Amino acid sequence: MVRRSAPGAQYALYNTLLNVLKLYAIFIPYITEAIYLKGFQPFVGEKSVHLLQWEKVEGLDEDILSFGEELKTALETMRRYKSTNNLSMKEPIESLEITAAASHKGWIEEERRDLAACTHAKNIYYHFI
């Protein structure tokens, strides 16, 4: 079964690849220029990857960063459990319990399918603090 990518994942992938091109442009200018012209130039508008500016970070969203840390902690805990018990990472587990900030409830519900796919948990329970 093929699942369509979420718009957020597409945005992240697009920007990551564009920034990797910018990074490599000084080392392999011809290849990065060819990739940029075929895949990015119609969307970016600048005529060359070598004319692009780096984006300036205005500020970090601490709330989204702490949400990412909660997800990372849950996945690390599940992996450690499976490793300690000599289970395959694909082995289904009965349940996964995640503790998260109440303000992250909406984000966690959006990620429920991804968490289930990553952990192979039959049931996912949340404790909001």
Side-chain angles (χ1 to χ4, degrees):
M1 180 171 96
V2 177
R3 199 174 100 184
R4 296 187 89 189
S5 296
Q10 291 171 339
Y11 175 83
L13 183 59
Y14 172 85
N15 283 296
T16 300
L17 292 174
L18 181 58
N19 284 312
V20 167
L21 277 181
K22 291 177 191 179
L23 284 169
Y24 279 99
I26 60 172
F27 301 109
I28 47 175
Y30 301 110
I31 295 171
T32 55
E33 186 69 12
I35 294 169
Y36 172 78
L37 291 174
K38 287 192 177 198
F40 292 91
Q41 197 270 337
F43 303 104
V44 177
E46 190 64 64
K47 64 181 181 177
S48 172
V49 70
H50 303 287
L51 298 174
L52 295 176
Q53 298 291 314
W54 285 97
E55 294 178 27
K56 293 187 171 95
V57 176
E58 304 264 330
L60 297 175
D61 183 346
E62 294 297 327
D63 203 33
I64 195 78
L65 291 174
S66 86
F67 168 66
E69 287 298 320
E70 290 169 349
L71 288 180
K72 186 174 84 171
T73 299
L75 292 172
E76 286 173 346
T77 302
M78 181 275 311
R79 287 178 163 271
R80 191 175 311 111
Y81 170 80
K82 287 186 175 183
S83 292
T84 302
N85 292 290
N86 294 321
L87 298 172
S88 163
M89 290 300 152
K90 292 184 178 182
E91 182 75 26
I93 57 173
E94 192 59 38
S95 65
L96 174 68
E97 293 184 26
I98 297 174
T99 301
S103 62
H104 300 162
K105 186 175 183 178
W107 289 334
I108 286 181
E109 288 175 359
E110 288 178 22
E111 298 301 322
R112 179 180 282 275
R113 287 178 49 191
D114 290 334
L115 277 170
C118 289
T119 61
H120 299 279
K122 294 177 184 174
N123 299 297
I124 301 176
Y125 301 103
Y126 302 102
H127 300 282
F128 295 105
I129 52 175

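Just so it is clear, the model here is predicted, and its values are computed rather than measured.
- Contact between Lys82 and His120 at its shortest, heavy atoms only, is NZ-CB, 4.1 Å.
- Pairing each heavy atom of Leu96 with each of Met78, the nearest pair is CD1-CB, 4.3 Å.
- Side-chain contact between Ile31 and Tyr24 is absent, with no heavy-atom pair separated by less than 4.5 Å.
- Between the OH atom in Tyr126 and the CD atom in Glu109 there is a gap of 7.5 Å [rounded to 0.5 Å].
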Per-pair distances, 0.1 Å, donor-acceptor, side chain in residues 41-50, under 3.5 Å, sequence neighbours excluded:
from: Ser48; atom 1: OG; to: Glu33; atom 2: OE1; distance (Å): 2.9
from: Ser48; atom 1: OG; to: Glu33; atom 2: OE2; distance (Å): 3.2
from: Ser48; atom 1: OG; to: His50; atom 2: N; distance (Å): 3.1

List the atom pairs, donor and acceptor, that lie under 3.5 Å between side-chain atoms in residues 14-21 and the rest of the protein, sequence neighbours left out.
from: Asn15; atom 1: ND2; to: Tyr11; atom 2: O; distance (Å): 3.0
from: Thr16; atom 1: OG1; to: Ala12; atom 2: O; distance (Å): 2.7
from: Asn19; atom 1: OD1; to: Lys22; atom 2: NZ; distance (Å): 3.4
from: Asn19; atom 1: ND2; to: Asn15; atom 2: O; distance (Å): 3.0

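- Atoms OG1 and CZ, from Thr32 and Phe40 in turn, are 11.0 Å apart once rounded to the nearest 0.5 Å.
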Can you give each donor-acceptor pair under 3.5 Å made by side-chain atoms of residues 66-77, sequence neighbours left out, with the distance rounded to 0.1 Å?
from: Ser66; atom 1: OG; to: Asp63; atom 2: O; distance (Å): 3.2
from: Ser66; atom 1: OG; to: His104; atom 2: NE2; distance (Å): 3.4
from: Glu69; atom 1: OE1; to: Lys72; atom 2: NZ; distance (Å): 3.4
from: Glu70; atom 1: OE1; to: His104; atom 2: ND1; distance (Å): 2.7
from: Glu70; atom 1: OE2; to: Ala101; atom 2: N; distance (Å): 3.0
from: Glu70; atom 1: OE2; to: His104; atom 2: ND1; distance (Å): 3.4
from: Thr73; atom 1: OG1; to: Glu69; atom 2: O; distance (Å): 2.9
from: Thr77; atom 1: OG1; to: Thr73; atom 2: O; distance (Å): 2.8

**Asked** Would Tyr81 and Leu87 count as a side chain to side chain contact (heavy atoms under 4.5 Å, CB included) if you check the C-alpha gap in whole Å, the side-chain angles of each, and the deciding distance to 0.1 Å?
**Response** CA-CA 8 Å; Tyr81 170 80; Leu87 298 172; 4.0 Å; yes
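- In this structure, Pro92 and Lys122 approach most closely via the heavy-atom pair CB-CE, 4.2 Å.
- Hydrophobic clustering (side-chain heavy atoms under 4.5 Å, transitive across Ile, Leu, Val, Met, Phe, Trp, Tyr) keeps Ile93 apart from Met89.
- At a threshold of 4.5 Å between side-chain heavy atoms, the hydrophobic network of Ile, Leu, Val, Met, Phe, Trp and Tyr places Leu115 and Phe128 in one connected group.
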